[in-house]
**Q** 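Here it is: the structure, laid out below.
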Amino acid sequence: MKALRADGTFADLDWRIVREQDAPARPGDVLPLAVYRALATRDGCAVWLAPADEPAGVAEFLPQLPLVAIDFPTFKDGRGYSIASILRTRLRFAGELLAIGDVLIDQLFYLKRVGFSSFALRADQDEQAACAALFAFSNSYAGAVDEPLPHFRRRVSGVMR
């Protein structure tokens, strides 16, 4: 799977998104949370979360997970932003966080702000425009996962970036 990284480069990820609930698990598969939880052995597998999945449902597995993917079944569904933020801040997940599904160029800057490290773009999205979208804004006023201090705190403390 080809994915755009948060630094603006593209990489081929050695992962396969498995959408079927009854598919046999193989190393390199990214499985739905329910399937992942039911496995006796999870070696070499990763997990993806649907918008309705609770991030806490994967908490016990986070130390051994190299990747967590979050599904955006439609670009209008913003629950994945909250899931990513919770994984990064409350649950302290430091591994690869991948946005999958209906991922559009317009979302990339904001997905990066909440902690996504890579993005599997929808097939019709332009790669050059996607790279540019990651860096569309030079500064943000609100704090987020990528920069916890709000703009006025960065100015006062002299930490302007």
Side-chain angles (χ1 to χ4, degrees), residues 1-19 21 28-37 42 44-125 127 129-151 153-154 161:
M1 155 189 1
K2 191 173 186 179
L4 174 62
R5 297 218 182 261
D7 65 3
T9 61
F10 278 90
D12 285 322
L13 302 181
D14 295 328
W15 295 101
R16 180 179 75 106
I17 306 297
V18 176
R19 299 247 178 221
Q21 296 292 325
D29 284 351
V30 182
L31 305 166
L33 179 59
V35 174
Y36 187 84
R37 290 185 68 81
R42 299 173 181 91
C45 293
V47 67
W48 65 265
L49 301 174
D53 289 334
E54 286 292 329
V58 76
E60 67 186 279
F61 306 112
L62 289 178
Q64 63 262 18
L65 277 170
L67 174 126
V68 173
I70 298 175
D71 189 31
F72 289 84
T74 174
F75 75 92
K76 296 182 274 186
D77 191 336
R79 292 176 286 178
Y81 292 89
S82 299
I83 293 170
S85 182
I86 290 168
L87 285 171
R88 291 291 194 211
T89 57
R90 292 186 201 162
L91 301 176
R92 303 275 190 243
F93 180 63
E96 182 87 9
L97 194 54
L98 173 68
I100 61 172
D102 199 20
V103 179
L104 306 178
I105 290 170
D106 297 353
Q107 299 169 287
L108 296 178
F109 179 79
Y110 304 103
L111 290 169
K112 183 174 138 183
R113 294 228 54 223
V114 296
F116 281 95
S117 50
S118 53
F119 320 91
L121 298 171
R122 194 170 75 183
D124 65 343
Q125 300 298 287
E127 291 182 2
C131 290
L134 281 173
F135 308 101
F137 305 101
S138 61
N139 209 342
S140 297
Y141 289 109
V145 172
D146 67 340
E147 175 54 74
L149 290 176
H151 184 70
R153 289 277 184 228
R154 292 185 300 241
R161 295 180 193 153

**Q** Show me the donor-acceptor pairs, under 3.5 Å and distance only, between side chains in residues 45-59 and residues at least two apart or in other chains.
**A**
| from | atom 1 | to | atom 2 | distance (Å) |
| --- | --- | --- | --- | --- |
| W48 | NE1 | V18 | O | 2.9 |
| D53 | OD2 | A50 | N | 2.8 |

**Q** I'd like a table of donor-acceptor pairs (distance under 3.5 Å, sequence neighbours excluded) in which one partner is a side-chain atom from residues 99-112, with atom names and distances.
**A**
| from | atom 1 | to | atom 2 | distance (Å) |
| --- | --- | --- | --- | --- |
| D102 | OD1 | R122 | NH1 | 2.7 |
| D102 | OD2 | F75 | N | 2.9 |
| Q107 | OE1 | L104 | N | 2.6 |

**Q** Who passes side-chain hydrogen bond (donor to acceptor under 3.5 Å, both in side chains) against Q125, sequence neighbours left out?
**A** none
**Q** Write down the atom of P73, the atom of D71, and the distance for their closest heavy-atom approach.
**A** CD-O, 3.4 Å
**Q** Could you tabulate the donor-acceptor pairs under 3.5 Å formed by side-chain atoms of residues 87-98, not counting sequence neighbours?
**A**
| from | atom 1 | to | atom 2 | distance (Å) |
| --- | --- | --- | --- | --- |
| R88 | NE | G115 | O | 2.8 |
| R88 | NH1 | F93 | O | 2.8 |
| R88 | NH1 | G95 | O | 2.8 |
| R88 | NH2 | G95 | O | 3.1 |
| R88 | NH2 | G115 | O | 2.9 |
| T89 | OG1 | S85 | O | 2.6 |
| R92 | NH1 | T89 | O | 2.7 |
| E96 | OE1 | R5 | NH1 | 3.3 |
| E96 | OE2 | R5 | NH1 | 2.9 |
| E96 | OE2 | S118 | OG | 2.4 |

**Q** Looking at every non-hydrogen atom in both residues, tell me the closest pair between L134 and A6 and how far apart they are.
**A** CD1-O, 3.9 Å
**Q** Q64: which residues meet the side-chain hydrogen bond (donor to acceptor under 3.5 Å, both in side chains) condition with it, sequence neighbours left out?
**A** none
**Q** Please give me the minimum heavy-atom distance between I70 and G80, naming the atom from each residue.
**A** CG2-CA, 3.6 Å
**Q** Mind checking ring pair (Phe, Tyr, Trp, His ring centres under 6.0 Å) for F61 and listing every partner two or more places apart, or none if nothing turns up?
**A** Y36
**Q** Calculate, to the nearest 0.5 Å, the distance between atoms CG and CZ belonging to L31 and R16 respectively.
**A** 8.5 Å
**Q** Look up atom CE in M1 and atom CG in D12, then write down how far apart they are to the nearest 0.5 Å.
**A** 10.0 Å
**Q** Has the side chain of D7 got a donor or acceptor atom that lies under 3.5 Å from a matching backbone atom of T9?
**A** yes
